[in-house]
2 protein chains.
Amino acid sequence: MRKKARETNGQSVVMRLRQAGLRPTRQRNELADLLFRDGNRHLTAETLHAEAVNRGIRVSLATVYNTLHQFTHAGLLRQVMVDATRSYFDTNTVEHHHYYYEDDGMLADIPGTDIDVGNVPDAPEGTKVSRVDVVVRLKRS
Amino acid sequence: MRKKARETNGQSVVMRLRQAGLRPTRQRNELADLLFRDGNRHLTAETLHAEAVNRGIRVSLATVYNTLHQFTHAGLLRQVMVDATRSYFDTNTVEHHHYYYEDDGMLADIPGTDIDVGNVPDAPEGTKVSRVDVVVRLKRS
DNA sequence: AGCTAGTTTAGAACAGTTCTAAATATCTTG
DNA sequence: CAAGATATTTAGAACTGTTCTAAACTAGCT
Ligand SMILES: [Mn+2]
Ligand SMILES: [Mn+2]
Ligand SMILES: [Zn+2]
Ligand SMILES: [Zn+2]
């Protein structure tokens with residue numbers, strides 16, 4: 001039986017890719033399946049590539065990088081900066097904040113009630129806020 | 001005339017280095033002078049190295065990296081993660097948050113009244129909060 | 001089927017950072 | 001202050017994550 005097209009924010013991924021002018025190729029479809037199959041994920045290009053290869057999906061690392069960037073530009077993913085040496089991609093694109101486990105380099109959404117960030121002064125002249133990121137860094141205790 | 005020892009948080013830098021078991025070498029002293037000479041700074045290893053060379057301070061890039069890490073471990077600096085490709089060091093070690101100018105890769109303290117971060121849930125079992133970072137990302141508008 | 005523009009890929013290149021191990025500087029002790 | 005022990009500096013190699021290149025391949029259109 002044919003796999004049902006996955007949905008994100010109501011629209012199918014294929015639809016959103018088309019709108020971004022991206023062809024739904026085998027690689028992009030299979031990566032999208034991996035990415036959006038189970039809930040919110042935080043992963044790096046190398047992690048995703050390993051997982052794909054592991055499941056028998058044939059795709060190059062270059063394509064994984066390309067795809068992650070394209071999905072990000074299409075608004076399907078969001079890039080999170082918490083570690084100077086790795087770039088994380090987040091399948092949760094609604095506004096939310098993160099725990100970063102410094103010891104094992106894991107990233108997770110902060111659950112429950114939203115964090116309030118108050119008292120942020122106006123953006124300086126000539127700029128506008130593109131995003132406010134809150135990262136709670138955790139250490140094993 | 002002899003340069004007066006610079007102070008940070010009351011103690012001289014040399015003193016704090018000694019306490020961290022670090023010898024006050026020419027390179028470390030000259031870098032400390034550059035770092036703490038004028039107010040709060042946000043810089044990368046390569047920036048600091050260029051600045052040093054520029055002022056005729058003879059020091060290798062490796063030593064700049066070593067020194068920045070050692071100063072960080074000694075609590076004289078703090079490392080800030082905002083860009084996946086560069087590592088910033090901050091001479092302001094008191095709790096504060098940042099503007100990040102995405103277009104030109106500049107980092108600045110958020111001035112004025114402190115930002116409130118409220119409603120942060122308790123740290124997960126077995127962990128403790130090592131730091132809460134707020135980064136307001138700005139775009140040219 | 002044939003054409004065209006978009007896509008994938010292996011591998012080279014790159015940037016920032018860390019490592020290595022030999023030379024040099026600092027500190028301690030006599 | 002000389003000698004020895006230990007810490008530091010350094011040039012350059014190595015490494016890591018990421019981007020680039022350009023040739024092979026594929027999707028979509030007629
Ligand atoms: Mn991009
Ligand atoms: Mn370190
Ligand atoms: Zn998230
Ligand atoms: Zn700062």
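Proteins come first, then strands; the chains are lettered A, B, ... in the order of their sequence lines, and each starts at number 1.
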Rounded to whole Å, how long is the line connecting atom NE2 of A:His49 with atom C1' of D:dT16? 16 Å
Let me know the distance between CG of B:Leu43 and P of C:dG16, rounded to the nearest Å. 15 Å
Could you tell me if the side chain of B:His69 sits less than 4.5 Å from the side chain of B:Gln79, heavy atoms only? yes
Contact between A:Leu31 and A:Leu48 at the side-chain level, heavy atoms closer than 4.5 Å - yes or no? yes
Inter-end axis angle, the helix from C:dA1-D:dT30 to C:dG30-D:dC1, with every axis fitted to five base pairs (rounded, 10 degrees): 30°
Distance in angstrom units between A:Ile57 CD1 and C:dT9 P, rounded: 12 Å
I'd like to check B:Asp133 versus A:Val134 (side-chain heavy atoms, cut-off strictly below 4.5 Å). Are they in contact? no
Please work out if A:Ser87 contacts a base, only the sugar-phosphate, or nothing of the nucleic acid, heavy-atom cut-off 4.0 Å. sugar-phosphate
Atom NE2 of B:His69 and atom C1' of D:dT9 are separated, to the nearest Å, by 17 Å
Looking at B:Pro111, is its backbone amide N or carbonyl O close enough to the side chain of B:Asp109 to form a donor-acceptor pair, meaning the two atoms are under 3.5 Å apart? no
Would you call the rings of B:Phe36 and B:Phe71 parallel, tilted or perpendicular, taking 30° and 60° as the class edges? parallel
Atom CG of B:Asp122 with >12 non-hydrogen neighbours under 6.0 angstrom: no
Against the side chain of B:Arg28, the closest entry in D:dT8, D:dT18, D:dA27 is D:dT8
Of all the nucleotides listed (D:dT18, C:dC27, C:dT8), which has the minimum atom distance to the side chain of A:Thr25? C:dT8
Please check this pair: side chain of A:Asp90 against backbone of A:Arg78, looking for a donor-acceptor N/O pair closer than 3.5 Å. no
Between the protein and nucleotides 10-14 of chain D, which nitrogen or oxygen pairs are less than 3.5 angstrom apart?
from   : atom 1 : to      : atom 2 : distance (Å)
D:dT10 : OP1    : B:Gln27 : NE2    : 3.2
D:dT10 : OP2    : B:Ser60 : N      : 2.9
D:dT10 : OP2    : B:Ser60 : OG     : 3.4
D:dT10 : OP2    : B:Thr63 : OG1    : 2.8

Taking for B:Phe89 and for B:Arg23 the nucleotide of DNA chain C with the nearest heavy atom, the one nearer the 5' end belongs to B:Phe89
Look at A:Tyr65 and D:dT19 and indicate whether a side-chain polar atom (N or O) is within less than 4.0 Å of OP1 or OP2. no
For the side chain of B:Glu46, counting heavy atoms from C-beta on, which of D:dT19, C:dG16, C:dC27 is nearest? C:dG16
Nearest listed nucleotide, side chain of B:Leu22, among C:dC27, D:dT8, C:dA5: D:dT8
Rounded to whole angstroms, how far apart are CG on B:Leu68 and P on D:dT8? 15 Å
A:Leu17 has an atom CG; how far is it from atom P of D:dA27, in whole Å? 15 Å
Between A:Glu51 and A:Arg41, does any NZ, NE, NH1 or NH2 come within less than 4.0 Å of an OD or OE carboxylate oxygen? yes
For the pair made of CG in B:Leu48 and P in C:dG16, what is the distance, rounded to whole Å? 15 Å
